[in-house]
Amino acid sequence: MKVEFYGHVRQYHNIQAEIDANIKKVLESGNYVQGPMLKQFEAEFAAYSGTKYAIGVANGTDAIWLALMALGVGPGDEVITHPNTFFATAEAIWIAGATAVFVDCCPKTKCICPEKIEAAITPRTKAIIPVHLYGQCADMVAIKKIADKHGLKVIEDNAQGIGAHGPNFKIGQLSDAATTSFIIQKNLGTFGDSGALVTNSAEIDAKVRKLRNHGSNARNVHSYGFNSRLDDLHAGVLSAKLKHIDAWNDQRRQWAARYTAGLVGCKTFDLPVALPDYRHVYHLYVIETKKPEWRDALVKHLNDAGVDAKTHYSIAIHQQAGYPWGKGARIVGAVPNAEANAACCISLPMFPELTAEEVDFVIAKVKEWDAKYASQAPAGKGPAQSGAACGCCR
Ligand SMILES: *Cc1c(COP(=O)(O)O)cnc(C)c1O
């Protein structure tokens, strides 16, 4: 049996009539850029998010730096985030001309640790970017409290958490803006690239709308800007898919529960931690090996068996040779949790259209490997999860 990592074509076939109808509608309308389908999707996405505004842009990276720019964050300013995320989180800070300052993540959630943030604040700090990594929300209540105390802006990088929420907050409620990516592999994805940000601020909405369209909101009148628009064809695909996102996320949660039930007795790795009362939407289901040297061996075992396991992300941003440290980017304190996450993480196949047979096959192959090495497993949690729990991971 082969188990793929993504189910893009399965998903298309499941709702092909709805997607095709919207594509046809756009094609026959003659309006392909900033047309009625984009307006419709923006209204639907704002309603889904529970925010006043949603602005479609070209991709999730642009959404972050356009938000930074709209908030006036640029050269000379510092932005605090964590290094165990997709490169784009820090790349966007770099593109905006600001400096990324990295602090550690929580050992359990893998999201930014609120207790590490204050030590990194300087007079130049302007913003915090928490990432809802793997589909579980960062502790926005704690982050918002710190931001308010120090007069900082907050942008949620929600590329991985559409439909997630905390026990007492929704994404977009406790921040200046929440950005997202609709690249095909995200929980809500189109057939290519696009992204959006949501906000309750009329000012950010107006600024980003102008910035994404060559600094223009009236014909022939321009100010500083870019081309970062979300095409109407993609908006049509996303509008069709948005109706299914909650059911798809429910299905992801069911597969996650099945993985967890099937793997709970294993000795060689730790399972992902879902906080009680949080809705984790499992963009990724990530296990962490108890020895770093086991990671590549287990991935190879799975790949050889036909299971497309991957790693997210095996090189933390501060470990990337290509990151521009010369601009003053730095880590504050040590980041052992983030580094252990990078060294030990394995993502198992996770998408709504998996079958029970496929999930059980993956479980069987993982257990096969675990049985071989269980006797060598250290007692207790592995390096990625043995760090001291902070307030938010309880
Ligand atoms: C995917 C992703 C992005 C970037 O999105 P693009 O649409 O590829 O630009 C940013 N941050 C995180 C956490 C992501 O997973």
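All ligand and atom numbering here is 1-based and tracks the order in the structure. Numbers for residues simply follow the sequence, beginning at 1.
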Item to check | Backbone N/O of A98 and side chain of K126: donor-acceptor pair under 3.5 Å | outcome: no

Checklist entry - Under 4.0 Å from any heavy atom of A88, which atoms of ligand 1 are there? => result 3 (C), 4 (C), 10 (C)

Checklist entry - Less than 4.5 Å apart, any side-chain heavy atom of C113 and any of C105? => result no

Next on the checklist: Under 4.0 Å, heavy-atom basis, I'd like to know which part of T61 is in contact with ligand 1: side chain, backbone, both or neither.
Outcome noted: both

Checklist entry - What atoms of ligand 1 come within less than 4.0 Å of a heavy atom belonging to T89? => result 11 (N), 13 (C)

Item to check | Any N or O of F86 closer than 3.5 Å to N or O of ligand 1 | outcome: no

Checklist entry - Between T85 and ligand 1, which residue portion shows a heavy-atom distance shorter than 4.0 Å: side chain, backbone, both, or neither? => result side chain

Checklist entry - For ligand 1, is there an N or O atom under 3.5 Å from any N or O atom of D193? => result no

Next on the checklist: Quick one about E288 and N341 (side-chain donor to acceptor, distance below 3.5 Å, no hydrogens or angles considered), yes or no?
Outcome noted: yes

Checklist entry - In Å, rounded to the nearest 0.5 Å, how long is the span from NZ of K186 to CD1 of I184? => result 11.5 Å

Next on the checklist: For E368, is there an ion pair with K372 - N to carboxylate O distance below 4.0 angstrom?
Outcome noted: no

Checklist entry - Between F182 and F41, is the gap from one ring center to the other below 6.0 Å? => result yes

Item to check | Nearest non-hydrogen protein atom, atom 15 (O) of ligand 1 | outcome: Q160 NE2, 2.9 Å

Item to check | K153 with D77: basic N within carboxylate O range, under 4.0 Å | outcome: no

Checklist entry - Identify the closest protein heavy atom to atom 13 (C) of ligand 1: which residue and atom is it, and at what distance? => result D157 OD2, 3.4 Å

Next on the checklist: Distance to the ring centre below 6.0 angstrom and angle to the axis at most 45 degrees; does that hold for K310 and F5?
Outcome noted: yes

Item to check | Ring-ring centroid check H280 Y282, cutoff 6.0 Å | outcome: yes

Checklist entry - Going by the order shown, which atoms of ligand 1 are within less than 4.0 Å of some heavy atom of G60? => result 5 (O), 6 (P), 7 (O), 9 (O)

Next on the checklist: How far is atom 2 (C) of ligand 1 from the closest protein heavy atom, and which atom is that?
Outcome noted: K186 NZ, 2.6 Å

Next on the checklist: Need the ligand 1 atom indices (1-based, order shown) with element for anything under 4.0 Å from a heavy-atom of V131.
Outcome noted: 13 (C)

Item to check | Options G195, S181, A90, A159, ranked by nearest heavy atom to atom 8 (O) of ligand 1, top entry | outcome: S181

Checklist outcome for this item: One finds that the ligand 1 atoms under 4.0 Å from a non-hydrogen atom of N59 are 7 (O), 9 (O)

